[in-house]
Structure formats: structure tokens, C-alpha cells
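Structure first, commentary second.
Predicted, not measured: the structure shown is a model, and the values here were computed from it. All values below come from the heavy atoms of this structure, side chains included, with hydrogens, waters and symmetry mates left out. Along the sequence shown, residues are numbered consecutively beginning with 1.
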Amino acid sequence: MSGQNMDDLLAQLKNEFEPRANSQPQQSPPTSVKPNSATAKPSIEEMLEALSHELEFGTRPNRASDSQPDPISPQQQVKNSAKNRDRLNALIDQDYQRQADIREAKLAELQRQEAARIAEQQRRQQELIEAQKQAALREQRRKAALKERAQQWLKDLNPRSEEGKWFEEFSYSYEDKLQAAIDYLEAMGETGL
């Protein structure tokens, strides 16, 4: 059990036992004499030590501060010890439940973060697919425009001119003159001529 949990349990025990100490009938009002440490109210540490001893051994420890024998019967001691054990077990159960709730909350937060990460990843993939589609469409349009331009260039090309004769030799390695014109115009465009 962590130190924080133990502090919480000690605080709860303190709250349970302090009202008992205050509700005990007081003897005659004090006179001008201050009470000494033997008759002063026991500290929380002393009460916890007594409770621990009582839980462990079933009896209260003998202390120098006890000036009178304990008037509680053994049966009452067993009942009180059982009650105290039940209270302590209930506090431990509450602590375990609180820790389980914290773990569940952390798990839910991790799942939410993972879902957000996956959604972001899917969004990015969708954007990439859209960008690829746009690039392919642009390339398709560019090729269609280049094809139209090549067709027009072939119409305008004079086969008897120097360029026409050169192109005739250039296009021998191609299956058709249109593809040769497309490659020629594309190369001319890349070189900036």
C-alpha cells in the first residue's frame, strides 16, 4: 500500500477515534492544576498503536499512562476488535476500489487517445490519397493537352523543311508519328526551347 493511501487511512481512523475520546464523560472540571501527561488525552499515534496491538493480539497493551484497569470485558474486546477489523477492511476495500477506478479512467483516456491517433492517421491517409488522385488527374490533363498540341504540330509540320526531314528520321524508332511528336515536344518543353 502506498504512503499516500496509508495517510488517508490514518486520517480516516483519526476522524473515527477522536469523537470517542471527546465523548467520554469528563471527570470534575479541572482546577488551576494543569493535567500531566499521564492523564492527558492519548495522541493519535498512541490510539493507532493500541488499535494495531488489539487487532494483532486481541488485547490492549499495558501502558504506563493507564492508571486504571480496562473495564471492558473480553467479549466486548473481541466485538470491538471485530468492528475495528471490519472498519479497516472497509477502508482497504474503498482504497482498492478507488485505485481500480483510477486505472479504469487511465485506460479509458489511453483508449480515447489511441482512437484520436487512429482517426488522425486515417485523415492523413485520406488526404494523401486525394493528393495522389489530384496529381494523377493533372498528369492526365497534361498528357491530353500535350497530345492535342502534338497533333496540331504534326498538321503544321512541313515534311520538306529541314525540321520535317529531321523529324522523319527521328520518328523511325517509334511505332507512330504521334508518339514521336509527343516525346519531341515534351523534351523541347523540358529544355525550354
To the nearest 0.5 Å, tell me how far E148 CD sits from K143 NZ.
15.0 Å
Taking all non-hydrogen atoms of both residues into account, name the closest pair between A150 and I182 and its distance.
CB-CG1, 3.6 Å
Taking the side chain as every heavy atom from C-beta outward, state whether R103 and Q99 have any pair of such atoms under 4.5 Å apart.
yes
Least distance between heavy atoms, L178 atom then K147 atom:
CD2-CE, 3.7 Å
Can you tell me how far CZ of R149 sits from CD of E186, rounded to the nearest 0.5 angstrom?
10.0 Å
How are the rings of W153 and F167 set to each other: parallel, tilted or perpendicular (split at 30° and 60°)?
perpendicular
By side chain to side chain donor-acceptor pair (under 3.5 Å) - contacts of R141 (at least two apart):
none
Supply the atom-to-atom distance D86 CG to D93 CG, rounded to the nearest 0.5 angstrom.
10.0 Å
Any non-hydrogen side-chain atom of S81 less than 4.5 Å from a side-chain atom of Q77?
no
Hey, is D95 close enough to R98 for a salt bridge, meaning N to O under 4.0 Å?
yes
Does any part of the side chain of N80, heavy atoms only, come nearer than 4.5 Å to the side chain of Q76, both counted from C-beta?
yes
Take atom CD of E175 as the centre, draw a 6.0 Å sphere, and report whether it contains more than 12 heavy atoms from other residues, nucleotides or ligands.
no
Verdict with supporting geometry, Q126 and Q122, side-chain contact (heavy atoms from CB on, under 4.5 Å):
CA-CA 6 Å; Q126 190 63 34; Q122 288 174 342; over 6 Å; no
In short, salt bridge (charged side-chain N to carboxylate O under 4.0 Å, His left out) pairs touching residues 111-122 with sequence neighbours left out are E109-R112, E114-R117, E120-R123, E120-R124
Spacing of S73 atom OG and K79 atom NZ [to the nearest 0.5 Å]:
7.5 Å
If we ignore angles and hydrogens, is there a donor and acceptor under 3.5 Å between the side chains of D101 and Q97?
yes
Is it true that E162 and K165 have a side-chain N and a carboxylate O under 4.0 angstrom from each other?
no
Heavy-atom side-chain proximity of V78 to Q75 below 4.5 angstrom
no
L146 side, atom CG; Q151 side, atom CD - distance, nearest 0.5 Å
10.5 Å
Between CG on residue N89 and CG on residue N84, distance to nearest 0.5 Å
11.0 Å
Using atom types as modelled and distance alone, determine if a side-chain donor or acceptor of S171 lies under 3.5 Å from a backbone N or O of Y174.
no
